[in-house]
Student: 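Handing you a structure now.
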Amino acid sequence: MSAFQLENVTLRFGSLAAVDSVSLSIEPGEQVAFIGPSGSGKTTLIRLLNTMRRQDEGSLSVFGENVIEFSDRRLRELRSLVATIPQHLGLVPNLTCLQNVILGKGGSRGTIRSIRDLIFPAHDDQLAVHEILDRVGIEEKLFERISNLSGGQQQRVAIARALFQEPKALLADEPVSSVDPARARDTVKLLTELSKERGFTLGVSLHHLELAREFFPRLVGMRNGKVVFDGAPESLSEEDLEALYELSDEEMMEDA
Ligand SMILES: Nc1ncnc2c1ncn2[C@@H]1O[C@H](COP(=O)(O)OP(=O)(O)OP(=O)(O)O)[C@@H](O)[C@H]1O
Ligand SMILES: [Mg+2]
């Protein structure tokens, strides 16, 4: 059973196919980087994979289940199985790291329980969060408010929040867009190490091609909603790169 299986999946915004007839399988435990220029459909693909969006055409299964057949309840369960780190992290600035991480399980625990967990975190949760913050290197920030942390530290809290869900898959959309190159490298390295350690499937969209090549055994390259490359970084040729990133005549005209 694949973690994600797409067959001819299309999602349109008006007349634009943001994801255009994509067929793709991602196996449990695989680590995949989604690359490609701005507007190529990476974020839209991630939203299909985490079921925040439904496809217009084609079929998509997540861990063996066809998403079209999901009930709302099953969707909620699935969303805790597939953790997502959005580009802007989605942390609550006035709450502490502990509270933000605990909120990660909110979806699967129900409203009343999550409010109680937030105000009176259970001892077990506190220990678990402490252990996770330790693993991501910011254990001393347990009771610190998010607004007092640097961008790189906030990324680590967002990773911790996803880990706390004990997901079977973790999707991260441009997780390193707002930090310096050294910290970006550390974060990508951490994500791939965690995926190996804990066995979850990892899908990350990345503008940093070099980081994608260094840390991911599989790259999926998108252009205009289509997958135009799918393979190991060693097999990404100059022609592939041109097909992915080179400006078309039309785009050059727009720039002129
Ligand atoms: N909610 C929306 N409504 C209308 N069009 C959208 C919407 N979301 C995305 N699009 C369009 O779909 C296409 C793909 O967008 P998407 O955000 O998936 O690209 P991306 O590869 O993530 O780009 P970037 O690298 O800039 O984040 C773009 O042309 C975009 O303008
Ligand atoms: Mg995007």
Side-chain angles (χ1 to χ4, degrees), residues 4-24 26 31-60 62 67 75 79 82-91 151 154-155 158-159 162 169-181 183-185 187-188 191-192 201-216 218-231 233 236 240-255:
F4 300 99
Q5 177 135 34
L6 289 77
E7 278 165 41
N8 297 315
V9 167
T10 296
L11 177 70
R12 290 195 189 82
F13 295 111
S15 60
L16 174 93
V19 165
D20 191 357
S21 199
V22 166
S23 296
L24 196 66
I26 300 177
Q31 297 158 349
V32 181
F34 304 113
I35 58 171
S38 222
S40 58
K42 303 179 297 294
T43 296
T44 309
L45 179 65
I46 285 177
R47 291 194 179 138
L48 283 162
L49 298 179
N50 71 13
T51 71
M52 295 304 285
R53 291 259 179 199
R54 296 292 179 97
Q55 71 271 25
D56 296 309
E57 283 163 33
S59 69
L60 167 59
V62 179
V67 301
L75 266 183
R79 283 179 192 156
V82 179
T84 306
I85 303 177
Q87 181 166 353
H88 299 292
L89 307 181
L91 301 170
Q154 292 187 19
Q155 280 172 354
I159 294 171
L170 174 57
L171 302 170
D173 195 6
E174 287 296 340
V176 294
S177 57
S178 58
V179 292
D180 64 74
R183 246 144 298 270
R185 189 172 182 281
T187 301
V188 172
L191 283 169
T192 50
T201 313
L202 180 66
V204 177
S205 79
L206 273 179
H207 276 133
H208 294 56
L209 185 59
E210 286 318 310
L211 290 181
R213 286 174 124 160
E214 182 178 354
F215 290 105
F216 287 82
R218 178 178 176 193
L219 309 182
V220 168
M222 300 192 67
R223 175 98 196 224
N224 296 329
K226 291 191 185 296
V227 171
V228 296
F229 178 84
D230 185 354
L236 186 72
D240 291 326
L241 282 173
E242 274 175 30
L244 268 171
Y245 290 103
E246 194 167 76
L247 290 175
S248 64
D249 290 347
E250 255 168 57
E251 286 164 321
M252 302 251 222
M253 300 280 279
E254 279 167 22
D255 280 354

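Every number for a ligand or one of its atoms is a count from 1 in the order of the listing. When a residue number appears, it is its place in the shown sequence, counting from 1.
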Student: Going by atom types only, do S23 and E7 share a side-chain donor-acceptor pair under 3.5 Å?
Tutor: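 Their side chains do not contain a donor-acceptor pair, so the 3.5 Å distance test is not met.
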Student: Please assess T10 against D56 for the test side-chain hydrogen bond (donor to acceptor under 3.5 Å, both in side chains), listing each intermediate value before the final yes or no.
Tutor: CA-CA 6 Å; T10 296; D56 296 309; over 6 Å; no
Student: Using a strict 4.0 Å cut-off to heavy atoms of L16, name the atoms of ligand 1 that fall inside it.
Tutor: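 Those qualifying, in numeric order: 11 (C), 12 (O), 13 (C), 29 (O).
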Student: Look at the side chain of Q55 and the backbone N and O of G58, then say whether any donor-acceptor pair between them is shorter than 3.5 Å.
Tutor: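 Side chain of Q55 to backbone of G58: a pair is present.
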Student: Any idea which of K42, E174, R47, R223 brings a heavy atom closest to atom 20 (P) of ligand 1?
Tutor: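 Looking at heavy atoms only, K42 sits closest to atom 20 (P) of ligand 1.
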Student: Contact between ligand 1 and S40 is defined here as a heavy atom of the residue under 4.0 Å from a ligand atom; is it met?
Tutor: yes
Student: So which heavy atom in the protein is nearest atom 26 (O) of ligand 1, and how far is it from that ligand atom?
Tutor: S38 OG, 2.4 Å
Student: Measuring from atom OG of S40 to atom OH of Y245, what distance do you get when rounded to the nearest 0.5 angstrom?
Tutor: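 If I round to the nearest 0.5 Å, the distance is 7.5 Å.
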Student: Have a look at ligand 1 and work out which part of Q87, if any, has a heavy atom under 4.0 Å from it: side chain, backbone, both or neither.
Tutor: neither
Student: Under 4.0 angstrom from atom 23 (O) of ligand 1, is there any protein heavy atom?
Tutor: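 Flag for atom 23 (O) of ligand 1 set to true, protein heavy atom closer than 4.0 Å.
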Student: The Mg ion (ligand 2) and T43: any N/O/S contact shorter than 2.8 Å?
Tutor: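 So T43 counts as coordinating the Mg ion (ligand 2), yes.
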Student: Looking at every heavy atom in both L49 and V82, which two are closest together, and how far apart are they?
Tutor: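 Taking every non-hydrogen atom into account, O-CG1, 4.4 Å.
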Student: Is a side-chain donor or acceptor of E57 paired with a backbone partner of L11 at a separation under 3.5 angstrom?
Tutor: no
Student: Please classify the V19 to ligand 1 contact at 4.0 Å (heavy-atom distances, strictly less than): side chain, backbone, both or neither.
Tutor: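 No part of V19 comes within reach of ligand 1.
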Student: Select the closest option to atom 18 (O) of ligand 1 among T44, D173, I35, judged by heavy-atom distance.
Tutor: T44
Student: Which residue supplies the protein heavy atom nearest to atom 14 (C) of ligand 1, what is that atom called, and how far is it?
Tutor: G39 O, 3.3 Å
Student: Is it true that a side-chain atom of K42 and a backbone atom of G36 form a donor plus acceptor pair closer than 3.5 Å?
Tutor: yes
Student: Taking atom CZ of R183 as the centre, report whether more than 12 heavy atoms of other residues, nucleotides or ligands fall under 6.0 Å from it.
Tutor: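 12 or below, so no.
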Student: Among protein heavy atoms, which sits nearest to atom 3 (N) of ligand 1, and what does the distance come to when rounded to 0.1 Å?
Tutor: F13 CD2, 3.5 Å
Student: Should you measure from each heavy atom of R53, which atoms of ligand 1 turn up under 4.0 Å away?
Tutor: 1 (N)
Student: With a cut-off of 4.0 Å, which atoms of ligand 1 are near a heavy atom of T43?
Tutor: 17 (O), 18 (O), 20 (P), 22 (O), 27 (O)
Student: Taking distance alone, with no angle check, do A18 and ligand 1 share an N/O pair under 3.5 Å?
Tutor: no
Student: Taking all atoms of both residues into account, what is the closest heavy-atom pair of R213 and L219, and its distance?
Tutor: CG-CD1, 4.2 Å
